[in-house]
There are 2 protein chains.
Amino acid sequence: MTVLQLRLNDNLSLKDPQSTELGEKIIKHSIPMIDQLGFEGFTFKKLSIEMESTEASIYRYFENKHRLLVYLISWYWAWLDYRIEYETHHLKNSLQKLDRALKLITEKKIQDNSFPDIDEEALARIVVAESDKIYLTKQVDEDNKEGLFRGYKSLCKNIARFVKEVNPDYPFPHALVTTALETANQQIFFAEHLPSLTELSEASDPYGRNYEFIRSFIYNSINAEG
Amino acid sequence: MTVLQLRLNDNLSLKDPQSTELGEKIIKHSIPMIDQLGFEGFTFKKLSIEMESTEASIYRYFENKHRLLVYLISWYWAWLDYRIEYETHHLKNSLQKLDRALKLITEKKIQDNSFPDIDEEALARIVVAESDKIYLTKQVDEDNKEGLFRGYKSLCKNIARFVKEVNPDYPFPHALVTTALETANQQIFFAEHLPSLTELSEASDPYGRNYEFIRSFIYNSINAEG
DNA sequence: TTTCCGTTGATAGTATTACTATCATTTGCC
DNA sequence: GGCAAATGATAGTAATACTATCAACGGAAA
């Protein structure tokens, strides 16, 4: 399988971590660490010890740990965006494209050999538990001006396009898609940690059930034939 | 207007802040401060200076600032829960009840004179920007065992009951309600800070439009007559 | 071959945060 | 008037989130 690189916004890092060995090491080691410690428990100090480097070196790539988190989450959205593009471009029917996108969003993520340094399973858990934190800050407007959320917006726009093609009269395509994207993660989190908040916790296959839930409310909203 | 008190879970605080003057002061001052500084920028040190007390005194009420945030958000959910109960118990029709609940969830919050120490407008902004952080932590399971999220669960359960009454066959009442509750806040945040993610940003009345968006996807999901 | 530039490492230092501990003082109430 | 509970005052600590400086190394250009 071909080894690929996703191109991300330059502002996410001070120096492109995909361009050097040390940069790759930062990405590679930070994913399992954030997954295990949680973002609040994760520090550059701990990361530097784990990867046998120094705090100072890490700071040469990322201004702070928040930027590193934004980078990782952005990578994830870019990855999803790419896979949706890849798996829908040959489909004729917009409803089929939408359906395929919803499947990709909700399915349990597994290792993608095209990106050997990234543990997509761990990264997907990070996205579930930490992704909202990248914009729920007081600097959200400045970060947005720097284009840090472009990846998420692109993904949203692309899926919203499918929605519009299925029903050009539906008045809330973007709102519906962001709801779906956020819900996809939230319901998985609830199923695991606050099970009384969702029926997914009772399912033998929560991911499949999540897909059914999200597909049903989207199809019903845009009056599509399921 | 009668001055009321909402009864919250004892585990939220070390000592009930509603039982003393100092406790009330903590609540009263922390709301505008978290609103303005954001939860990350807010500290007990700053709060103690603002309210002319000491860090040590605040720690006698709340183990840490995270608990204080959970307390405030829990108060908000209890307040909403109470108002939904209050404004629906006389209604005969379950669909009317659901509709009233959705209106209360989505409407712009204004000062409630029944609770003179709480600035509900500021608190509502805190809920929009910070509420997810109360459970998106590594201690979520322990916190949940202590019952810290009871308020949110109760609210969810009560609205889910309306959904079930409208359509007993709908398979995801709780998932649908948590989606609505989360979306209600998220879309308002997006409209303000990441406007390309939602159509609400184009509306002259984003709150009203939010209500329409959420009502439409709920009604369509449970096949109710709008 | 030498020079030099860019990358990394090593180390030190700082302000702030998130607490904990101790003791003194005040306040209400029996 | 005495006692306990609440609060204030103060100090201290480990960790965090950086910033700064200088040395070492390695490869490319002159």
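Per chain, numbering begins at 1; letters A, B, ... match sequence-line order.
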Enquirer: Give the rounded distance in Å between these two atoms: CG of A:Asp16 and P of C:dT7.
Expert: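 Between P of C:dT7 and CG of A:Asp16: 12 Å.
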
Enquirer: Listed by chain and number, what are the side-chain hydrogen bond (donor to acceptor under 3.5 Å, both in side chains) partners of B:Gln36, not counting sequence neighbours?
Expert: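 Applying side-chain hydrogen bond (donor to acceptor under 3.5 Å, both in side chains) to B:Gln36 gives none.
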
Enquirer: Taking the inter-plane angle between the rings of A:Trp75 and A:Trp79 on a 0 to 90° scale, is it parallel (under 30°), tilted (30 to 60°) or perpendicular (over 60°)?
Expert: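 Correct class here is parallel.
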
Enquirer: D:dG26 P sits how many Å from A:Leu22 CG, rounded?
Expert: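 Those two atoms, CG and P, are 15 Å apart.
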
Enquirer: Evaluate the ring planes of A:Phe42 and A:Phe44, with Trp represented by its six-membered ring, and classify them as parallel (under 30°), tilted (30 to 60°) or perpendicular (over 60°).
Expert: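 Answer is perpendicular, since the angle exceeds 60°.
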
Enquirer: Figure out the CG/C1' separation between B:Leu68 and C:dC19, and round it to whole Å.
Expert: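 Answer to the nearest Å: 15 Å.
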
Enquirer: Of all of residues 36-63 of chain B, which get a heavy atom below 4.0 angstrom from DNA chain D, listed by number?
Expert: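 Here the set is B:Ser53, B:Thr54, B:Ala56, B:Ser57, B:Arg60, B:Tyr61.
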
Enquirer: Between C:dC19 atom C1' and B:His66 atom NE2, what is the distance in whole Å?
Expert: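 Result: 16 Å.
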
Enquirer: In whole angstrom, give the distance that lies between atom CD of A:Glu21 and atom C1' of D:dG27.
Expert: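 Answer to the nearest Å: 15 Å.
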
Enquirer: Starting from C1' on C:dT7, measure out to CD on A:Glu24 and report it in whole angstrom.
Expert: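 Distance check: A:Glu24 CD to C:dT7 C1' gives 16 Å.
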
Enquirer: Find the distance A:Leu14:CG to C:dG6:P and express it as a whole number of Å.
Expert: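 Those two atoms, CG and P, are 16 Å apart.
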
Enquirer: Expressed in angstrom and rounded to an integer, what is the separation of B:Lys65 atom NZ from C:dT20 atom P?
Expert: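 About 15 Å, once rounded to whole Å.
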
Enquirer: Hey, can you tell me if A:His66 and A:Phe39 have their rings parallel, tilted or perpendicular (30° and 60° cut-offs)?
Expert: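 It falls in the perpendicular class, over 60°.
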
Enquirer: Taking all atoms of both residues into account, what is the closest heavy-atom pair of A:Asn113 and A:Pro116, and its distance?
Expert: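 Looking at all heavy atoms of both residues, the shortest contact is O-CD, 3.8 Å.
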
Enquirer: Report the relative orientation of the aromatic rings in B:Tyr71 and B:Phe62; use parallel for angles under 30°, tilted for 30 to 60°, perpendicular for over 60°.
Expert: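 B:Tyr71 and B:Phe62: perpendicular rings.
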
Enquirer: Phosphate oxygens OP1/OP2 of C:dT8: is one of them under 4.0 Å from a side-chain N or O of A:Lys15?
Expert: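 Answer is yes, contact under 4.0 Å.
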
